[in-house]
Amino acid sequence: ALSIKAHVDMGFAGDLSPFAAAYLVGMAASVYDIPNVKASLQLYKTNKSSRTTVRSPGGPEAVYAMEQIIMRISETLKLCSVGVREKNLYSLSRVQALAKGLHDKGQYKHYTPPRLIKELRESAGYDHLVKRVETFNSSNRWKKQGVDLACASFKVDPCAKGVLFNVYGDGSIVVHCATSEMGQGE
């Protein structure tokens with residue numbers, strides 16, 4: 001179970017802060033299977049300037065918060081944080097069950113977080129790095145090092161929108177679409 005209390009400073013105008021707060025709660029579990037989530041949001045109007053949300057409003061903050069929870073669990077139980085992450089990832093069968101009723105269930109056949117963690121552990125030599133860090137930390141009283149790895153997911157809204165292509169006799173092309181380009185090559 002996970003209980004979330006989010007306090008959001010909307011500034012004086014509010015802009016998209018309610019949307020960002022809801023997105024934060026929706027992103028809270030990230031790639032982890034947490035069947036029971038309780039969330040409460042408190043939005044505050046203040047005398048500060050409003051901050052317009054950009055790209056992933058509340059997403060990085062939610063992922064960071066979840067990773068801090070995973071770290072706290074692993075430190076309290078004296079377990080490897082990567083092991084705690086692996087044990088709590090959504091399983092492919094759970095993802096497919098949650099996707100029941102979606103028009104394209106096949107999109108989940110390549111569910112990747114467990115595979116990514118496994119491949120990253122191997123390609124980065126993670127276990128060797130952990131041993132190196134432990135050796136360094138045990139021989140240095142004041143200077144410490146750390147190493148970790150984590151997964152994150154971000155929602156993508158694949159809205160089907162119409163696109164109009166106009167090709168003119170001089171060879172010029174005009175494309176009209178209902179999306180906005182944010183510099184990411186959409």
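Counted within 6.0 Å of NZ on K144, heavy atoms from surrounding residues, nucleotides or ligands total more than 12; the atom is thus considered enclosed.
Taken from CG in L79 to CD1 in I73, the straight-line distance is 10.0 Å, to the nearest 0.5 Å. With rounding to the nearest 0.5 angstrom, the OG1 atom of T135 is 10.0 Å from the CD atom of Q145. Here S81 contributes atom OG and M71 contributes atom CE; the two are 4.5 Å apart, rounded to the nearest 0.5 Å. Note that CG of D9 and OG1 of T46 are 3.5 Å apart. Values are rounded to the nearest 0.5 Å. For the atom pair NE2 of H7 and OH of Y44, the computed distance is 4.5 Å after rounding to the nearest 0.5 Å.
Proximity of R72 to Q68: side-chain heavy atoms (C-beta onward) are nowhere separated by under 4.5 Å. Residues Y32 and R85 are in side-chain contact: their nearest non-hydrogen atoms beyond the backbone lie under 4.5 Å apart. In this structure the side chain of F12 never reaches within 4.5 angstrom of the side chain of K48, judged on heavy atoms. Looking at heavy atoms from C-beta onward, I34 lies in side-chain contact with M66 at the 4.5 angstrom threshold. Residues I4 and K38 form no side-chain contact, since every pair of their non-hydrogen atoms from C-beta on lies 4.5 Å or further apart. Side-chain contact between D148 and Y126: present, with at least one pair of heavy atoms (C-beta onward) separated by less than 4.5 Å.
Grouping the Ile, Leu, Val, Met, Phe, Trp and Tyr side chains by contacts below 4.5 angstrom, directly or via other members, places L120 with V84. Hydrophobic clustering keeps V31 apart from Y64 (ILVMFWY residues linked when any side-chain heavy atoms are closer than 4.5 Å, directly or through intermediates).
Between D33 and K87, none of the side-chain N atoms (NZ, or NE/NH1/NH2) sits under 4.0 Å from a carboxylate O, so this pair counts as no salt bridge.
With hydrogens and angles disregarded, no donor-acceptor distance shorter than 3.5 Å links the side chain of N140 to the backbone of W142.
K131 pairs by the side-chain contact (heavy atoms from CB on, under 4.5 Å) definition with nothing, not counting sequence neighbours. For K78, there are no side-chain contact (heavy atoms from CB on, under 4.5 Å) partners, not counting sequence neighbours. For E86, the side-chain contact (heavy atoms from CB on, under 4.5 Å) test picks out V82, I117, R121, with sequence neighbours left out.
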Problem - Step-by-step side chain to side chain contact (heavy atoms under 4.5 Å, CB included) determination, N36 to L2 - result: CA-CA 6 Å; N36 299 308; L2 175 63; over 6 Å; no

Exercise for the section: Mind running side chain to side chain contact (heavy atoms under 4.5 Å, CB included) on F136 and E134 for me, showing each step along the way? Expected result: CA-CA 5 Å; F136 179 87; E134 287 171 351; over 6 Å; no

